[in-house]
Every structure is written in C-alpha cells, then in structure tokens.
Amino acid sequence: MDPKYEDDLEGYRLLAEFPDYDLYVNDDNSVIQRFNEGIANSWQEFDLDFSFDQQDMDILRKAVKIYEDSDPIQAEKIKKQIEIKILGEVDD
C-alpha cells in the first residue's frame, strides 16, 4: 500500500489484511476498514469507521485469527461472516 495512503492512520495498527481491504485498530477499540486503492478509486469507496466495546473487539480478533489460520475456501467464508455479522455490511 502506498505510504501516502496510510498517513492518516497514526495511532492505528494493522489488525487484518484481506484481498480488497485492511482493518486497522487503535487502543480505544476503534477500527478503520481501509479499501485498497483500486477499489477506493473505482468504487469511490471511502474508509469505514467502527467503534466496538471490548466484547465485540474480542470477537473480531478471534474471527481474524480463525481467518488467518484457515484454508482459502474456509477463509473466504470467515471473511464473509466478519463482514456481515461483525462489520454489519450487506452485499448489494
């Protein structure tokens, strides 16, 4: 990712890398979903911000860990679950 594209993420650290976006987290359980530059430019998507309580943050961290430890087919299913159940996104 272009370092200029990450300038505004001071105080955040990478939580998860997905093919089309990354998740960054800070110490206050705030999460930024940053779409890759190609998607951001073509879809005109912008960063999405989420704020979680500690319980929901723990659920997200566990789901990310399962995603990272899964085979590609299972990982895609876990990614969808993260998007739908945790981030609350709905496919159009």
Side-chain angles (χ1 to χ4, degrees):
M1 185 173 288
D2 184 344
K4 292 183 290 186
Y5 194 59
E6 293 183 339
D7 285 348
D8 59 342
L9 290 174
E10 189 171 327
Y12 285 82
R13 61 193 172 284
L14 185 65
L15 174 66
E17 292 180 280
F18 296 104
D20 45 356
Y21 63 86
D22 297 330
L23 295 178
Y24 294 86
V25 63
N26 70 10
D27 292 334
D28 296 323
N29 293 332
S30 177
V31 174
I32 293 178
Q33 181 182 21
R34 168 131 317 162
F35 292 92
N36 71 33
E37 288 182 83
I39 290 174
N41 291 333
S42 66
W43 294 354
Q44 297 182 353
E45 284 286 337
F46 300 98
D47 294 344
L48 299 176
D49 298 318
F50 303 90
S51 184
F52 295 110
D53 62 22
Q54 190 59 50
Q55 181 179 4
D56 289 338
M57 182 57 73
D58 291 343
I59 292 169
L60 176 59
R61 288 180 193 278
K62 287 177 187 173
V64 166
K65 178 71 174 140
I66 293 169
Y67 168 84
E68 291 171 344
D69 293 341
S70 296
D71 64 77
I73 294 170
Q74 186 65 24
E76 185 60 31
K77 292 176 184 177
I78 299 297
K79 177 181 175 266
K80 275 292 182 208
Q81 292 299 311
I82 290 170
E83 292 168 354
I84 294 168
K85 292 186 175 182
I86 299 173
L87 300 177
E89 297 176 12
V90 178
D91 287 337
D92 292 330

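In this text the structure is predicted, and so the values were computed from the model without any measurement. Numbers for residues simply follow the sequence, beginning at 1.
Under a 3.5 Å cut-off, the side chain of D28 and the backbone N or O of S30 do not form any donor-acceptor pair.
In this structure, CD in E76 is found 5.0 Å from NZ in K79, a value given to the nearest 0.5 Å. The structure places CD of Q74 at 11.5 Å from CG of D69, a figure rounded to the nearest 0.5 Å. Here the straight-line distance linking atom CD of Q81 with atom CG of L87 works out to 11.5 Å at 0.5 Å rounding. To the nearest 0.5 angstrom, I66 atom CD1 is 14.5 Å from R61 atom CZ. Rounding to the nearest 0.5 angstrom, the gap separating the CZ atom in F52 from the CD1 atom in I86 is 7.0 Å. The CG atom of D22 sits 11.5 Å away from the CD1 atom of I32 when rounded to the nearest 0.5 Å.
Annotation for N26 and G11: closest pair CB-O, 3.3 Å, computed over non-hydrogen atoms. Nearest heavy atoms, S70 versus A75: CB-N, 3.7 Å. A16 approaches V64 most closely through the heavy-atom pair CB-CG1, 3.6 Å.
Between K77 and D71 there is no salt bridge, since no side-chain N of the basic residue sits under 4.0 Å from a carboxylate O of the acidic one.
Applying the ring pair (Phe, Tyr, Trp, His ring centres under 6.0 Å) test between F18 and each of Y67, F35, Y24 identifies Y67 as the sole match.
Within the 4.5 Å cutoff, the side chain of M57 has heavy atoms near those of the V25 side chain. Contact check for D27 versus R13: side-chain heavy atoms found under the 4.5 Å cut-off.
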### Task
Mind running salt bridge (Lys or Arg N to Asp or Glu O under 4.0 Å) on K80 and E83 for me, showing each step along the way?
CA-CA 5 Å; K80 275 292 182 208; E83 292 168 354; 3.5 Å; yes

